[in-house]
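What follows is a set of notes on a single structure, which appears directly below.
Only this structure's heavy atoms are used, side chains among them; waters, hydrogens and symmetry mates stay out.
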Amino acid sequence: MTKFSQNPDNYSFSIEPAVIPEDNVTTNGDSKNTFPKNVLIDNNLYWESSLSGRGGEIIFKLDTGKTINDILLAQPSSRAFILSFSFHGSNDGENWYRLGQVEALPSTAKITYQFSNEIPFSYYKITVLSSGLNNTTSYYGIRYIQLRTALINGVPAYRASNINPVIAE
């Protein structure tokens with residue numbers, strides 16, 4: 001767990017990444033790349049899906065239920081950008097609860113998106129809602145993703161502060 005502290009007496013910020021086994025990452029939709037687990041490693045590989053087909057989804061199965069309210073995401077430069085996506089949680093991988101929707105920044109930088117969630121789900125899903133801004137390809141993609149729990153003074157970060165839900169790193 002990463003922990004930051006400005007004043008140890010009254011303020012602490014922590015981020016705890018979820019450990020996700022490679023075999024626990026799946027996809028549905030019109031995906032060209034059948035290796036969505038590439039998104040767990042910060043390298044030059046990525047998952048991609050067609051702009052013209054059904055919206056792509058990446059599903060993450062955790063070994064145990066975990067409260068995820070923070071996503072660190074990076075997009076590849078050689079694909080169209082994801083412009084909006086929704087984030088969902090589930091305990092069985094079939095009945096999904098929508099935790100939020102964001103307008104994504106068209107950038108290759110690692111960007112943090114925060115969601116309102118206090119329930120420890122075993123499954124999480126990202127559903128791409130819109131994409132575009134690249135005339136050289138008919139695919140969009142995700143280069144890197146990390147699901148995390150962000151806390152300020154032990155309270156979910158989105159609720160404990162006025163920080164912007166989109167933070168570029």
Looking at [atom1] of [X] and [atom2] of [Y], how far apart are the two atoms once the value is rounded to the nearest 0.5 Å?
X: I68; Y: Q146; atom1: CD1; atom2: CD; value: 9.5 Å
X: R148; Y: T112; atom1: CZ; atom2: OG1; value: 4.5 Å
X: S131; Y: I82; atom1: OG; atom2: CD1; value: 7.0 Å
X: K125; Y: I59; atom1: NZ; atom2: CD1; value: 6.0 Å
X: N69; Y: F87; atom1: CG; atom2: CZ; value: 8.5 Å
X: L147; Y: L62; atom1: CG; atom2: CG; value: 7.0 Å

For L129, side chain to side chain contact (heavy atoms under 4.5 Å, CB included) partners two or more places apart | S84, S86, R98, Q101, T127
Could you pull out the closest heavy-atom pair between [X] and [Y], with the gap in Å?
X: S107; Y: Q75; result: O-CB, 3.8 Å
X: I119; Y: N117; result: N-OD1, 3.0 Å
X: F81; Y: P76; result: CE2-O, 4.3 Å
X: S122; Y: N91; result: N-OD1, 3.6 Å
X: T108; Y: A74; result: O-CB, 4.0 Å
X: Y113; Y: E103; result: CE2-O, 4.2 Å

Hey, does I58 have a side-chain heavy atom less than 4.5 Å from the side chain of V25?
-> yes
Verdict with supporting geometry, F85 and I71, side-chain contact (heavy atoms from CB on, under 4.5 Å) | CA-CA 12 Å; F85 66 91; I71 297 174; 4.3 Å; yes
For Y123, enumerate each residue passing the ring-ring contact (aromatic ring centres under 6.0 Å, His included) test, keeping only those at least two apart in sequence or located in another chain.
-> none
Show your reasoning for whether side-chain contact (heavy atoms from CB on, under 4.5 Å) applies to L72 and I145.
-> CA-CA 5 Å; L72 180 64; I145 193 162; over 6 Å; no
Do the ring centers of F60 and Y124 come within less than 6.0 Å of each other?
->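 Judged by ring-centre distance (under 6.0 Å), F60 and Y124 do not meet the cut-off.
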